[in-house]
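First up is the structure itself, then whatever we jot down about it.
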Amino acid sequence: MLAIRRETDYAIKLLKILSQSKGQVLSLNEVSKKSKISFLFLQKIARKLRLAKIISAYQGVDGGYKLLIDPKKISLRLVIEAMEGKFCLLSCLNKNKEVKCVAADANCNLKNKMNKINNRIIKILDAVKLKDI
């Protein structure tokens, strides 16, 4: 079954809260209180989103996080891949990893069919933007 991990679900919630802050910097304490998500878990999530250059961090008393990208341009795929890695239905579809298939046939019917489905899902994930969620 395909499922978005809880970490990714919370990342979407964090991004949604930041998108509603109208460019203001929000501390993770504020977000934790609004969302009821653990502060420590939010730190882990924010780190991944920062490394993916979706949010930026500000130090100091008035520090916190804010979006680097317009919510209209943040796709669901971007968030999923920032949190979970490249989206692939089958590990052999991920060109970034060398996965040895049991049936190492260049004409693998399963791989060919699943690649078509994978590409359709990617188009859907690219079409869904943060502002629409």
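Hydrogens, waters and symmetry mates play no part in the numbers below; they use all other heavy atoms, side chains included. Please read all numbers here as calculations on a predicted model, not as lab measurements.
- With sequence neighbours left out, the side-chain hydrogen bond (donor to acceptor under 3.5 Å, both in side chains) criterion links Q20 to no other residue.
- Listed by chain and residue number, nothing satisfies the side-chain hydrogen bond (donor to acceptor under 3.5 Å, both in side chains) test with S75 (two or more places apart in sequence, or in another chain).
- A distance of 11.5 Å separates CG in L49 from OG in S56, rounded to the nearest 0.5 Å.
- D126 is linked by a salt bridge (charged side-chain N to carboxylate O under 4.0 Å, His left out) to R77, counting only residues two or more places apart in sequence or in another chain.
- Contact detail for L28 and A46: the closest heavy-atom pair is CD1-CB, 4.2 Å.
- With sequence neighbours excluded, the residues forming a side-chain hydrogen bond (donor to acceptor under 3.5 Å, both in side chains) with K48 are E7, listed by chain and number.
- To the nearest 0.5 Å, atom CZ of residue R6 and atom CD1 of residue I37 are 10.0 Å apart.
- Between the S35 side chain and the V31 main chain, a donor and an acceptor come within less than 3.5 Å of each other.
- A search for side-chain contact (heavy atoms from CB on, under 4.5 Å) contacts involving I121 returns L2, F87, L89, I117, L125, not counting sequence neighbours.
- The line from CG of L130 to CG of L76 is 9.0 Å long, rounded to the nearest 0.5 Å.
- Listed by chain and residue number, R47 satisfy the side-chain contact (heavy atoms from CB on, under 4.5 Å) test with L51 (two or more places apart in sequence, or in another chain).
- Proximity of I74 to L67: side-chain heavy atoms (C-beta onward) are separated by under 4.5 Å at one or more points.
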As a quick check of understanding, evaluate side-chain contact (heavy atoms from CB on, under 4.5 Å) for T8 and I45, giving each step before the final call. CA-CA 8 Å; T8 304; I45 292 166; over 6 Å; no
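- We find the CD1-CD1 distance between I122 and I80 to be 10.0 Å, quoted to the nearest 0.5 Å.
- With contacts defined as side-chain heavy-atom distances shorter than 4.5 Å, the pair K72/K129 does not qualify.
- For E30, there are no salt bridge (charged side-chain N to carboxylate O under 4.0 Å, His left out) partners at least two apart in sequence or on another chain.
- Between D9 and R5 there is no salt bridge, since no side-chain nitrogen of the basic residue lies less than 4.0 Å from a carboxylate oxygen of the acidic one.
- Screening residues 58-71 for salt bridge (Lys or Arg N to Asp or Glu O under 4.0 Å) gives no qualifying pairs among residues at least two apart or on separate chains.
- Here Y58 is tied into one hydrophobic group with V25, each link being a pair of ILVMFWY side chains closer than 4.5 Å.
- Applying the salt bridge (charged side-chain N to carboxylate O under 4.0 Å, His left out) criterion to R50, with sequence neighbours excluded, gives no partner residue.
- The stretch residues 12-45 participates, sequence neighbours left out, in these ring pair (Phe, Tyr, Trp, His ring centres under 6.0 Å) pairs: Y10-F41.
- Checking side-chain atoms of S27 against main-chain N and O of G64 turns up no donor-acceptor pair under 3.5 Å.
- The NZ atom of K16 sits 13.0 Å away from the NZ atom of K34 when rounded to the nearest 0.5 Å.
- Put simply, the side chain of N119 gets close to the backbone of N115: a donor and an acceptor are under 3.5 Å apart.
- Contact between L26 and S21 at its shortest, heavy atoms only, is CD1-CB, 3.6 Å.
- Atom CD1 of residue I69 and atom CD1 of residue I55 lie 10.5 Å apart, to the nearest 0.5 angstrom.
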